[in-house]
2 protein chains.
Amino acid sequence: MRIGELAALAGVTTRAVRHYHHQGLLPEPPRLANGYRVYGVRQAVALARIRRLTELGLGLDEVRDVLADDAGAELAVVLRELDTDLATQETEIRRRRARLGELLAQAEAGTLPAEGPVSPALAELLGGLPVTDSPSAAKDRAHLTLMAGNGQSDQVLRALAPMTRDPAVLALYERIDALADASRDDPRIGPLADELAAAVPDAVLAAIPAQGPVAAAGAYGEAMLADFAPAQAAVVRRVMELLAARMER
Amino acid sequence: MRIGELAALAGVTTRAVRHYHHQGLLPEPPRLANGYRVYGVRQAVALARIRRLTELGLGLDEVRDVLADDAGAELAVVLRELDTDLATQETEIRRRRARLGELLAQAEAGTLPAEGPVSPALAELLGGLPVTDSPSAAKDRAHLTLMAGNGQSDQVLRALAPMTRDPAVLALYERIDALADASRDDPRIGPLADELAAAVPDAVLAAIPAQGPVAAAGAYGEAMLADFAPAQAAVVRRVMELLAARMER
DNA sequence: TAGAAACCTTGACGCTGCGGCAGGGTCAAG
DNA sequence: CTTGACCCTGCCGCAGCGTCAAGGTTTCTA
């Protein structure tokens with residue numbers, strides 16, 4: 001037999017056969033004068049066996065191990081490993097499909113957030129927000145989306161829900177917007193910060209795992225502040241101080 | 001923010017961030033004088049979005065498409081494709097796990113064929129065979145294993161089952177073995193071929209899809225014959241002729 | 001009997017999503 | 001001044017082949 005016939009017999013491509021030769025899975029057969037490989041029944045049997053193993057999902061090096069080992073013990077071990085591996089893959093796929101199902105449902109309902117697919121809890125929160133074009137509201141959404149990315153923040157998000165239903169919050173956002181061109185010592189800063197801090201429910205602070213001075217510290221905090229105009233940044237800083245003080249108690 | 005802080009914020013590695021830059025998923029940010037990348041909130045938001053998409057299982061180029069397309073239409077399309085894709089993967093994994101379950105059961109029962117994992121029908125057939133060290137019996141097993149590899153051969157295998165329970169077959173194998181050193185025109189060849197052909201049930205021939213002169217034609221047939229001693233090959237050839245003649249009718 | 005189609009040969013690159021390493025520079029703290 | 005923790009670019013590696021490239025051979029067909 002030549003390589004094409006062998007390959008057809010085993011249901012693989014000639015390329016695969018040569019690959020197995022190269023990997024040492026299948027010994028190189030003798031050659032004709034013209035260089036063609038000539039295969040016998042032995043090789044065909046060996047190749048069929050390789051194919052059955054790879055079809056199960058074994059890697060080529062595992063196949064090599066199994067073939068090298070005369071007893072069947074190795075095979076059983078590898079198969080068991082493979083099964084647990086496939087089991088985890090299966091649950092993983094199922095988890096992703098569940099997420100996909102939610103997202104597709106949102107897509108059909110037209111309630112997919114502009115931020116792209118986010119966690120269910122966050123999607124609900126964002127979905128409850130009134131439509132507004134306030135720049136600081138947009139920043140808040142972005143900030144929330146980022147913070148919600150790090151996993152277990154469901155409690156915080158649930159605690160935030162009441163704020164989304166408070167019509168007074170919109171007005172607060174607009175008061176922040178109004179400070180876009182204000183100076184660093186504008187008299188509106190202090191009162192606005194007080195009201196903002198007051199608008200945050202205790203439940204939110206309670207749900208935040210006390211990881212230093214809230215989340216706005218560090219390099220991200222600075223980047224966030226840099227994203228605001230000076231007077232607005234002053235407000236944010238002040239709010240953070242007030243909230244931190246409240247968390248102390 | 002520098003790249004490490006950004007990466008930690010989004011829950012990815014710095015290597016991944018640079019990879020996204022390289023792939024054009026995330027624009028390169030400005031640099032400090034020392035060459036360090038400096039990121040702002042915008043980039044963090046973008047990165048978080050990329051990560052959410054890749055976590056769903058999207059490829060990086062799909063992510064790029066989704067990000068490039070402002071409307072949400074693209075996203076829905078990609079998600080649907082992904083879902084069907086995952087669905088096929090899931091059934092595929094389940095099929096393989098089912099196979100693995102059978103094989104593991106066989107392994108525990110110690111009934112795993114030496115040929116490695118084979119189709120259930122073949123495993124049953126081989127399992128029913130009496131233990132023998134007849135070389136021609138071994139060749140027959142090998143031949144069967146090969147032929148059974150090409151899929152829908154269950155019917156043939158079932159039709160062969162009666163032969164495995166016929167104690168007279170063992171004697172026939174031994175008569176083939178006895179011809180190992182015989183000459184091409186040994187007088188035992190004819191009668192043995194007649195009896196072998198007669199031992200093959202009609203049901204087997206009926207189940208073989210008439211693909212030319214049985215399966216022993218072509219390059220594989222020659223290789224198989226070359227695997228036998230001359231007198232044995234003569235027997236096999238004669239049996240094939242007889243069976244082919246029977247299939248004609 | 002020629003020419004085309006179908007095989008065969010070796011060798012090298014492509015794909016996915018980064019990980020890891022080499023071989024540096026930068027910066028803050030002790 | 002050193003140490004350690006960052007940062008930079010760039011290239012190889014990974015699994016299992018698919019896919020050219022650039023030939024030579026065999027075999028079928030006109």
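Between the side chain of A:Glu222 and the backbone N or O of A:Ala219 there is no donor-acceptor pair closer than 3.5 Å.
A heavy-atom distance below 4.0 Å to DNA chain D is reached by these residues of residues 6-17 of chain A, ordered by number: A:Thr13, A:Arg15, A:Ala16. Residues from residues 59-66 of chain B placing a heavy atom under 4.0 Å of any atom in DNA chain C, listed by number, are B:Gly59, B:Leu60. Non-hydrogen atoms lying under 4.0 Å from DNA chain C are contributed by B:Asn34, B:Tyr36, all within residues 22-50 of chain B.
When every heavy atom of B:Ala76 is checked against every heavy atom of A:Leu104, the shortest pair comes out as O-CD2, 4.0 Å. The heavy-atom pair separating B:Arg99 from B:Val118 by the smallest distance is NH2-O, 3.1 Å. Closest approach of A:Thr13 and A:Ala7 over heavy atoms only: C-CB, 3.8 Å. Between A:Gly40 and A:Met1, the closest heavy-atom pair is O-CE, 3.7 Å. Among all heavy-atom pairs drawn from A:Leu47 and A:Val12, the shortest one is CD2-CG2, 4.1 Å. Closest of all the heavy-atom pairs between B:Thr14 and B:Gly4 is CG2-CA, 3.7 Å.
When the options B:Arg18, B:Arg37, B:Gln43 are evaluated for a side chain to side chain donor-acceptor pair (under 3.5 Å) with B:Glu28, the one that passes is B:Arg37.
Going from atom CD of B:Gln89 over to atom C1' of C:dT16 covers 14 Å, rounded to whole Å. When the C1' atom of C:dG17 is taken as reference, atom CG of B:Leu56 falls 16 Å away, rounded to whole Å. If you take NE2 of A:His19 and P of C:dG14, they are 17 Å apart, rounded to a whole angstrom. Separating the CZ atom of A:Arg2 from the P atom of C:dT9 is a distance of 9 Å, rounded to the nearest angstrom.
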Return all side-chain donor-acceptor pairs below 3.5 angstrom for residues 224-244 of chain B, not counting sequence neighbours, or 'none' if the list is empty.
{"residue": "B:Gln232", "atom": "OE1", "partner": "B:Ala229", "partner atom": "N", "Å": "3.0"}
{"residue": "B:Gln232", "atom": "NE2", "partner": "B:Ile176", "partner atom": "O", "Å": "2.8"}
{"residue": "B:Arg238", "atom": "NH1", "partner": "B:Glu241", "partner atom": "OE1", "Å": "2.8"}

Show which side-chain atoms of residues 19-26 of chain A pair as donor or acceptor with protein atoms under 3.5 Å away, not counting sequence neighbours.
{"residue": "A:His21", "atom": "ND1", "partner": "A:Leu26", "partner atom": "O", "Å": "2.9"}
{"residue": "A:His21", "atom": "ND1", "partner": "A:Pro27", "partner atom": "O", "Å": "3.4"}
{"residue": "A:His21", "atom": "NE2", "partner": "A:Tyr39", "partner atom": "OH", "Å": "2.7"}

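Other residues, nucleotides and ligands contribute at most 12 non-hydrogen atoms within 6.0 Å of the CZ atom of B:Arg42.
Mapping A:Gly57 and B:Glu5 onto DNA chain D by nearest heavy atom places B:Glu5 at the nucleotide closer to the 5' end.
With rounding to the nearest 0.5 Å, the separation of CZ in B:Arg97 from CG in A:Leu56 is 13.5 Å.
The phosphate of C:dC18 has OP1 or OP2 within less than 4.0 Å of a side-chain N or O from B:Tyr20.
In summary, B:Arg95 and B:Glu92 engage in a salt bridge, as defined by a charged side-chain N under 4.0 Å from a carboxylate O.
Taking a heavy-atom distance under 4.0 Å as the criterion, the stretch of DNA chain D touched by chain B extends 5' to 3' from D:dC6 to D:dC11.
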